[in-house]
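Report on the structure given below.
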Amino acid sequence: MNITRPRLRTTVPTALLAAAALLALSACSTSDDSNDSAPAGSSGKTVDIRIPDPGNSGVLALGKKDGSLDKALGKVGARVKWTGSAGPFAPAAQAMNADQLDIATGSITSGITSLSQRPGFQFFTAVDPDAKGEGILVRDGSGIESVADLVGKKVAVNQGGTGEYLLLKALAKEKIPADKVERVYLRPDQTAAVFNAGQVDAWAVWATYAVAEIGSGKAHFLADGEAIGSDNYSLNAVRTGFAEQHPAVVKALYDYLHTASVKEKKEPAAYLNVFTDVGPTAVTGKAKEVQTEITATSGTVDPIGPEDIARFESVAAFYAEQKVTKDKVDVAAHLLDVEKLT
């Protein structure tokens with residue numbers, strides 16, 4: 001089932017953005033409660049960039065703990081305003097549209113469904129599809145041994161996002177009509193109990209949730225991102241108004257994320273359990289080994305290049321074909337060339 005897909009990126013090496021990056025809701029403005037109409041650092045004002053709290057793992061978690069991110073942003077007259085917590089991209093997109101959030105992370109798949117509405121954000125970085133950390137999970141001993149075995153079964157997916165994409169892509173690859181498999185729409189943070197109770201037969205999901213299941217020794221990928229042929233990039237989005245007013249801050253954030261993600265690939269264990277190694281946010285045991293392996297083989301935070309855009313458009317066309325979106329979304333119209341920001 002595993003198919004080796006050629007690397008398309010030509011501009012930079014590969015590595016991983018953290019497993020729990022920037023998704024959530026927030027609210028705040030500049031440090032003196034003024035609007036962000038002035039350039040970063042002008043008139044002695046410090047610009048707050050509103051980013052969801054990174055949790056216990058990843059480059060932002062370490063940057064928060066050691067102060068390195070604020071130090072990097074301080075050079076362009078900005079600082080982070082941590083707020084909210086990790087969550088789906090759709091509400092984060094709504095928060096950016098409502099001027100309540102400046103940065104969020106999501107997949108190209110969830111991004112396309114958000115772009116199909118009235119987006120007030122642009123994507124400015126790309127992380128290559130996660131070949132090993134996303135896929136379709138099944139319980140050990142389930143008797144499901146191929147994608148064809150999903151016919152007549154129930155599969156949990158997040159509607160319009162990574163899960164639905166992975167399932168539809170896997171079925172299309174095997175020429176199985178989508179209506180032969182029942183899609184059960186669930187929020188990913190509510191799915192583990194349903195999956196483990198046997199109320200669904202499989203779960204199409206990504207590393208944030210898959211690692212714990214695989215680490216438990218009770219589940220495995222029926223097909224991972226590589227086998228499915230996934231083009232599901234992870235992207236960072238910025239509120240359009242913020243990017244227009246503070247391009248230097250966005251560029252400084254990108255520079256930090258890229259450099260840190262390269263380091264994370266080389267030393268993945270250093271970016272796990274940043275604040276605590278116990279409790280529900282800690283990654284321990286076999287799950288820690290699984291996450292470390294995924295991080296070491298995945299991509300870095302990079303600028304969006306022509307090869308990436310072609311793959312984004314392919315996903316948009318697939319979503320329209322599968323009637324996930326009404327029409328093909330013009331992704332290219334909502335991309336920002338971070339290398340040109342000053």
Side-chain angles (χ1 to χ4, degrees), residues 1-8 107-110 112-113 128-188 190-234 290 293-294 297-299 311-312 314-325:
M1 198 72 195
N2 285 337
I3 299 173
T4 301
R5 305 183 73 238
R7 299 286 305 148
L8 295 182
S107 63
I108 182 59
T109 48
S110 58
I112 285 170
T113 53
D128 286 339
D130 190 355
K132 299 300 181 183
E134 65 178 11
I136 301 174
L137 280 175
V138 294
R139 294 180 299 278
D140 292 355
S142 67
I144 300 174
E145 298 180 356
S146 69
V147 173
D149 291 337
L150 295 175
V151 172
K153 301 293 196 299
K154 296 180 179 180
V155 182
V157 302
N158 60 311
Q159 188 170 13
T162 292
E164 188 162 28
Y165 169 78
L166 291 171
L167 175 61
L168 291 174
K169 188 77 172 176
L171 295 176
K173 190 171 184 290
E174 298 298 322
K175 297 180 171 54
I176 299 171
D179 62 4
K180 296 296 184 182
V181 176
E182 182 179 349
R183 278 168 271 175
V184 179
Y185 293 125
L186 293 170
R187 278 176 37 183
Q190 297 176 336
T191 306
V194 176
F195 174 70
N196 288 306
Q199 294 175 305
V200 293
D201 301 290
W203 181 10
V205 69
W206 61 101
T208 302
Y209 303 96
V211 166
E213 301 305 320
I214 296 172
S216 72
K218 298 179 181 179
H220 63 278
F221 277 137
L222 173 69
D224 61 18
E226 182 177 31
I228 291 169
S230 173
D231 283 323
N232 188 39
Y233 283 75
S234 175
V290 172
E293 291 172 4
I294 291 172
T297 59
S298 298
R311 294 173 75 179
F312 298 169
S314 176
V315 176
F318 180 74
Y319 258 25
E321 175 188 320
Q322 295 290 326
K323 296 181 171 45
V324 176
T325 57

Using modelled atom types only, decide if a donor and an acceptor are shared between the side chain of [X] and the backbone of [Y] within a distance under 3.5 Å.
X	Y	value
E164	G160	yes
N158	G163	yes
D201	V155	no
T109	T162	yes
R139	A197	no

- Message: If we count only N and O atoms by modelled type, under 3.5 Å, do the side chains of E134 and S230 hold a donor and an acceptor together?
- Response: yes
For a quick test of reading the model, state the closest non-hydrogen atom pair linking [X] to [Y] and the distance between them.
X	Y	answer
Q322	A172	NE2-CB, 4.5 Å
W206	P188	CH2-CG, 3.6 Å
L150	A202	CD2-CB, 3.9 Å
Y165	G229	OH-O, 4.3 Å
L222	I144	CD1-O, 3.7 Å
I176	A148	CD1-CA, 3.6 Å

- How many angstroms lie between CG in L166 and CD1 in I228, if you round to the nearest 0.5 Å? 5.0 Å
Any non-hydrogen side-chain atom of [X] less than 4.5 Å from a side-chain atom of [Y]?
X	Y	answer
I294	D130	yes
E213	N196	yes
F221	I136	no
K169	V315	no

- Give the ring-plane orientation class for Y209 versus W203, where under 30° counts as parallel, over 60° as perpendicular and anything between as tilted. tilted
